[in-house]
Amino acid sequence: MNATHTTITVYQLLLFLAVAIILSACTSITAHLSGKSAEELDTANIAEARRLVSTLETKNSSLKNFKGIGTIKVWNNDIIKIDERVAWIGSEPLKISIVVLISGFPAVKLASDGEWFYYLEIRGRQVLFKKTHATNANLKRLIAIPVHPNDVITLLTGRIPMREHHSAYIKENKSDSGYVLILKKRWWGIIEKIYLNEAKSRVRQIELFNRSGSLVYRVVFEKIKEIQGYRLPFRLRISNDDGADCQLDIDRYWADVSVTPSTFVLTPPE
């Protein structure tokens, strides 16, 4: 009986291994035919990716109003263009006001009230004022990178800009430690990559892509601190592949502040 039992056990083990190999091969074939990676077809992987997306979407969700002060540096092909003090106040999800101080003077102001985006630049007697629809606005004039004001608000509240997508999955980060949460949009492809630490508990970096698959910009999160119960990056580095690089170092941050609507509207000086 023991010999028979051992034979059956070995047979079952061989059968299990054969089935596992066949299923693995079928998964690889299916992935190849569908144009998808094995991770995209793994139900457990997909479920964990959805959980991570949900967690990221609700991070710091109670933080609505904020303000801060720090230093902004902007490079273009390693040549520094801006190294100045900067202050801001925002109200999630659509309102933001940013002031760049040059020698203590508010030389550049940007604001959005959710409907309009305002840009005011004063250099001596030269005044530049622009007003555009907020949906078409970005910060390219200031930092040479087309970051939308809504993304700025999201980043300054310690959250992650999450692009609309149809699928999500996780891959091991083979170029570094940790993992990458990948968001894909139908008929578009990869629209966003979110780089996580080994425990998948903290976002290190994000990359956003356009329809052609080219990088729009990346953001690196550094110097994480806790302020009034919110975990926030005190250094943000935003860059693209065209030589533009922006670094924001936060000196002080205030959460849950009071705001007034007029803060987010600019008018040209008389």
Side-chain angles (χ1 to χ4, degrees), residues 27-57 59 74-78 93 117 132-156 159-198 200 202-222 233 236-248:
T27 300
S28 298
I29 293 170
T30 302
H32 177 73
L33 293 175
S34 65
K36 296 182 178 180
S37 65
E39 292 88 349
E40 292 179 80
L41 301 173
D42 186 335
T43 54
N45 186 306
I46 294 169
E48 185 178 12
R50 288 174 178 169
R51 179 189 63 79
L52 283 171
V53 169
S54 178
T55 299
L56 292 174
E57 287 179 333
K59 181 184 178 184
V74 177
W75 295 266
N76 192 349
N77 293 316
D78 297 326
F117 178 77
T132 60
H133 284 285
T135 53
N136 301 322
N138 61 62
L139 270 62
K140 190 172 183 177
R141 180 179 290 275
L142 178 65
I143 64 174
I145 302 172
V147 183
H148 194 275
N150 289 9
D151 286 351
V152 175
I153 296 167
T154 301
L155 293 169
L156 289 175
R159 291 192 279 269
I160 305 300
M162 302 288 287
R163 293 297 182 255
E164 181 182 345
H165 58 279
H166 297 102
S167 63
Y169 61 97
I170 304 166
K171 293 192 73 170
E172 186 178 350
N173 187 357
K174 294 184 178 179
S175 62
D176 198 358
S177 59
Y179 297 86
V180 185
L181 174 61
I182 298 175
L183 308 184
K184 292 185 74 173
K185 193 171 183 179
R186 193 178 299 120
W187 312 118
W188 184 303
I190 295 175
I191 192 169
E192 183 170 357
K193 290 183 179 180
I194 302 170
Y195 293 80
L196 305 158
N197 63 356
E198 294 87 343
K200 302 173 187 172
R202 185 173 73 82
V203 176
R204 292 172 169 172
Q205 175 179 313
I206 63 170
E207 294 176 340
L208 303 174
F209 301 89
N210 59 24
R211 186 181 293 273
S212 67
S214 299
L215 179 75
V216 179
Y217 66 87
R218 70 176 59 83
V219 184
V220 178
F221 305 90
E222 300 177 357
L236 292 166
R237 294 203 64 165
I238 307 174
S239 62
N240 61 19
D241 288 339
D242 297 323
D245 195 346
C246 171
Q247 178 175 299
L248 173 65

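As the structure is a computational prediction, the values presented were derived from the model and not from experiment.
With contacts defined as side-chain heavy-atom distances shorter than 4.5 Å, the pair Val180/Tyr195 qualifies. The side-chain heavy atoms of Val53 and Ile194, taken from C-beta on, include no pair separated by under 4.5 Å. Side-chain atoms of Arg218 and Asp241, non-hydrogen and from C-beta on, do get closer than 4.5 Å to each other. You'll find the side chain of Lys59 stays beyond 4.5 Å of the side chain of Ile160, heavy atoms only. For the pair Phe117/Asn138, no side-chain contact is recorded, criterion being any heavy-atom separation below 4.5 Å from C-beta on.
The backbone N or O of Arg51 lies less than 3.5 Å from a partner atom in the side chain of Thr55, making a donor-acceptor pair. Checked by atom type and distance alone, the side chain of Asn45 pairs as donor or acceptor with a backbone atom of Ile170 at under 3.5 Å. Under the 3.5 Å distance criterion, the side-chain polar atoms of His148 are matched with a main-chain donor or acceptor of Ala134. Judged by distance alone, with hydrogens and angles left aside, the side-chain atoms of His166 form a donor-acceptor pair with the main-chain N or O of Arg186 at under 3.5 Å. The backbone N or O of Gly243 lies less than 3.5 Å from no partner atom in the side chain of Trp75, so there is not a single donor-acceptor pair. In this structure, Asn197 contributes its side chain and Arg202 its backbone to a donor-acceptor pair below 3.5 Å.
Of the charged side-chain nitrogens involved, at least one lies within less than 4.0 Å of a carboxylate oxygen, so that Arg204 and Glu198 count as a salt-bridged pair.
Scanning both residues, Asn240 and Val216, for their nearest heavy atoms gives CB-O, 3.6 Å. Here the closest non-hydrogen pair linking Ile238 and Ile145 is O-CD1, 3.4 Å. Across Glu39 and Ile46, no two heavy atoms sit closer than the pair O-CG1, 4.3 Å.
Between Tyr217 and Asp151, the side chains place a donor N or O and an acceptor N or O closer than 3.5 Å (distance only, hydrogens not considered).
The local environment of NZ in Lys140 is sparse, with at most 12 non-hydrogen atoms from other residues, nucleotides or ligands closer than 6.0 Å.
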